[in-house]
Amino acid sequence: MKTVATRFAPSPTGPLHIGGVRTALFNWLYSKNKGGKFYLRIEDTDKERSKDEFKTQIVNSLKWIGINYEDSEYIQSTKINDHINVAGELLKKGLAYKCYCSNDEIEEQKKRAKQKKIPYIYNRKWRDKSETDAPKGIEPVIRFKSKVEGNSILKDLVQGNIEIENNTIEDFIILRADGSPTYNLSASVDDHLMGMTHIIRGDDHKINTFKQIQIYDAMNWKVPSFAHIPLIHTIDGKKLSKRDNASTLDDYSKIGIMPNALRNYLLRLGWSYKDKEIFDLKESIKYFNLEGIGKSPSKLDISRIYSMNEHYIKNIDENDLFDFLITYCETFQEKIPDSAKKKIKNSLHFLKNKAKTLEDIYKNSMFLINDKVQIKNEDKKLLDEKAIKIINLFIDEISKIPSFNRKDLEPIINNLIKKNNMNFKGLGQPLRICLTGSKFGPGIYDILCSLGKDEVTKRLTQIR
RNA sequence: GGUCCCUUCGUCUAUCGGUUAGGACACAUGGUUUUCAUCCAUGAAAGAGGGGUUCGAUUCCCCUAGGGACCGCCA
């Protein structure tokens with residue numbers, strides 16, 4: 001049995017969206033589960049639309065989510081000669097032919113098909129014509145001689161057997177008039193040259209697979225196994241496209257979703273293993289299989305991404321969480337001074353409690369990052385005479401205590417409340433506003449202790 | 001329009017002929033927490049419809065309906 005080899009083959013013509021990431025993930029997981037290899041192939045044969053920045057984005061996205069590939073990227077455009085040679089061989093074997101139809105001629109046929117409401121399929125005009133009939137001044141394209149009779153069955157590892165009539169597959173172009181190879185040729189040649197054993201890709205490639213298998217057969221190559229996974233749909237049930245917002249990895253990383261959480265979410269989107277929801281990296285490799293992939297498309301649900309992220313925030317090692325947080329802040333928010341880093345690290349155990357995203361933790365940490373407290377105008381109104389008075393009393397009280405922790409503070413606060421005939425909110429709210437500039441945030445004792453006596457006194461004194 | 005695929009709570013899904021159809025997210029209610037959140041408990045919520053096969057169908061088959069993908073000298 002040959003070692004399993006899979007690949008992810010995106011085209012760098014736009015930002016990689018999370019449907020693509022999921023495809024990459026499934027391929028990667030499958031190969032790792034089988035102890036095989038996983039490769040990245042950049043399909044950049046569309047020179048017009050391919051951009052280097054997209055290639056970079058793809059590479060970075062995979063790296064971010066933890067998918068690593070063998071060697072360096074396989075760049076399809078550097079292999080074009082191989083593809084052209086195969087076309088030449090096919091031509092020599094009589095399994096492909098030159099088609100001299102003009103663009104106008106083809107357009108005309110398509111138009112007519114549309115009018116008659118019948119599906120357009122190239123009429124195979126030059127399939128058996130002699131080249132001596134070739135018109136002058138037209139550069140031919142090379143078409144593959146597709147089977148015209150009988151049926152083909154694709155034994156799909158996810159979808160089961162799919163059968164179609166061969167005559168619904170047209171004589172597709174493998175070499176353009178300018179001599180460049182088209183997708184179906186390039187993809188099959190590369191997959192063969194790279195020794196792919198399993199092709200896992202989106203449902204939208206099903207028809208291509210029937211074409212590509214014919215190329216394999218024509219070249220006497222071993223046909224790999226195929227698995228077509230259902231596409232991810234938007235919440236209104238359409239294929240997720242690059243134009244949909246919140247569809248790239250960056251859209252998620254910039255709001256503070258962690259790679260592990262997204263990986264776990266994507267894994268469970270359209271795949272399941274019993275009732276298990278949480279899979280760490282090792283488990284996802286251990287349990288992944290093709291049988292667990294569902295047949296119907298699944299919709300992206302942002303609230304599940306949030307809750308998955310929340311789960312990871314609360315359950316991963318705090319040192320790791322801290323690293324993720326700092327990277328996040330410095331990439332998307334601001335550089336965190338070393339002094340604040342220390343405080344954040346010490347306070348992470350409660351800063352993370354309210355958070356669904358790294359952004360939430362960042363916001364909760366604001367009072368530790370900024371020494372100067374900004375109080376909103378609407379909140380200033382809450383700092384009335386009564387509030388100032390109780391805060392002053394509070395300052396006096398804490399000046400008397402030697403240490404500064406919850407045990408020391410609780411009696412002070414309780415006494416102040418009682419003496420001044422108010423509830424907890426009466427002291428808690430102004431205190432919170434003065435110390436953090438916000439009505440919401442971590443628990444008041446957490447805030448007090450994390451800031452420390454000196455800083456608390458300093459901030460409160462500034463108010464009066 | 002043609003070809004192919006799909007159909008269990010709002011969402012992701014479990015069930016591989018016999019279950020009070022389970023879990024998770026979201027939602028609602030209550031409790032804990034001297035705010036918010038967390039946490040805990042409880043609740044509401046599904047087999048698209050119609051035929052078969054079978055002692056018995058969510059599960060197997062057919063039809064209908066709905067949804068989706070593809071139909072480029074893009075990948």
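A quick note: this is a predicted structure, and the numbers were derived from the prediction, not measured. We name chains A, B, ... by the order of the sequence lines, and we start the count at 1 in each one.
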I'd like the [atom1] distance from [M] over to [N], given in whole Å.
N     : M     : atom1 : answer
B/G49 : B/U11 : P     : 15 Å
B/C39 : B/G47 : C1'   : 34 Å
B/C5  : B/A28 : C1'   : 38 Å
B/G52 : B/A45 : C1'   : 31 Å
B/U59 : B/U13 : C1'   : 16 Å

Taking the six-membered ring of A/Tyr122 as reference, does the NZ or CZ atom of A/Arg143 fall below 6.0 Å from its centre and within a 45° cone about the axis? yes
On a plain distance test, is the side chain of A/Asn184 in donor-acceptor contact with the base of B/A75 below 3.5 Å? no
For [N], take OP1 and OP2 only and decide whether either is under 4.0 Å from a side-chain N or O of [X].
X        : N     : result
A/Lys239 : B/C70 : yes
A/Lys299 : B/U11 : yes
A/Ser298 : B/U13 : yes
A/Lys110 : B/C73 : yes

If you look at every heavy atom in [X] and [Y], which pair is closest and at what distance?
X        : Y        : result
A/Ile375 : A/Cys434 : CD1-CA, 4.4 Å
A/Leu427 : A/Met422 : N-SD, 4.0 Å
A/Tyr30  : A/Phe288 : N-CD2, 3.7 Å
A/Gln214 : A/Ser146 : NE2-OG, 3.3 Å

Could you tell me if the side chain of [Y] sits less than 4.5 Å from the side chain of [X], heavy atoms only?
X        : Y        : value
A/Cys329 : A/Leu325 : yes
A/Ile413 : A/Leu448 : yes
A/Val456 : A/Ile447 : no
A/Ile215 : A/Lys211 : no

Hey, are [X] and [Y] close enough for a salt bridge, meaning a charged N less than 4.0 Å from a carboxylate O?
X        : Y        : answer
A/Glu43  : A/Arg7   : no
A/Asp171 : A/Arg127 : yes
A/Asp190 : A/Lys79  : no

Both distances below 3.5 Å, Watson-Crick or wobble geometry, any strand: find the nucleotide opposite B/C27. B/G43
Separation of atom [atom1] in [X] from atom [atom2] in [N], rounded to whole Å:
X        : N     : atom1 : atom2 : value
A/Leu231 : B/U7  : CG    : C1'   : 16 Å
A/Phe172 : B/G72 : CZ    : P     : 13 Å
A/Asn208 : B/C5  : CG    : P     : 16 Å
A/Ile58  : B/A75 : CD1   : P     : 15 Å
A/Ile162 : B/A69 : CD1   : C1'   : 11 Å
A/Glu105 : B/C73 : CD    : P     : 14 Å

For nucleotides 23-32 of chain B, give me one character per nucleotide, 5' to 3': B if any protein heavy atom sits under 4.0 Å from the base, S if the only such contacts are to the sugar-phosphate, - if neither. BBSS------
Any base atoms under 4.0 Å from [X], or only sugar-phosphate, or nothing? Heavy atoms, all strands.
X        : answer
A/Gly441 : base
A/Ile173 : base
A/Pro230 : nothing
A/Asp178 : nothing
A/Asp44  : nothing
A/Ser186 : nothing
A/Lys276 : nothing

Show your reasoning for whether side chain to side chain contact (heavy atoms under 4.5 Å, CB included) applies to A/Leu409 and A/Ile401. CA-CA 9 Å; A/Leu409 291 165; A/Ile401 53 171; 4.3 Å; yes
Name the pairs: protein N/O against N/O of nucleotides 57-67 of chain B, kept only if under 3.5 Å.
none

Could you work out which one of [options] sits closest to the side chain of [X]?
X        : options             : result
A/Gln159 : B/U34, B/C6, B/A75  : B/C6
A/Thr182 : B/U38, B/C6, B/A75  : B/A75
A/Lys314 : B/U34, B/U38, B/A75 : B/U38

Are there any protein N/O atoms within less than 3.5 Å of an N/O atom in nucleotides 40-49 of chain B, and if so, which ones and at what distance?
none

For nucleotides 1-3 of chain B, which of its nitrogen or oxygen atoms have a protein nitrogen or oxygen under 3.5 Å away, and what is each distance?
unit_1 : atom_1 : unit_2   : atom_2 : d
B/G1   : O2'    : A/Lys117 : O      : 2.8

Tell me, please, which residues at least two apart from A/Glu310 pass salt bridge (charged side-chain N to carboxylate O under 4.0 Å, His left out). A/Lys314, A/Lys356
Residues touching RNA chain B, which here means a heavy atom under 4.0 Å, drawn from residues 286-296 of chain A: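 Within residues 286-296 of chain A, the residues near RNA chain B are A/Lys295, A/Ser296.
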Please work out whether the ring planes of A/Trp221 and A/Tyr216 are parallel, tilted or perpendicular, with thresholds of 30° and 60°.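 A/Trp221 vs A/Tyr216 ring planes: perpendicular.
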Test ring-ring contact (aromatic ring centres under 6.0 Å, His included) on A/Trp126 and A/Tyr97 and set out the steps. CA-CA 7 Å; A/Trp126 286 88; A/Tyr97 62 93; 8.9 Å; no
Around atom NZ of A/Lys155, are there more than 12 heavy atoms from other residues, nucleotides or ligands closer than 6.0 Å?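 Open: at most 12 neighbouring heavy atoms sit under 6.0 Å from NZ of A/Lys155.
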side-chain hydrogen bond (donor to acceptor under 3.5 Å, both in side chains) between A/Asn184 and A/Thr182: does it pass, once the steps are laid out? CA-CA 6 Å; A/Asn184 279 305; A/Thr182 61; 5.7 Å; no
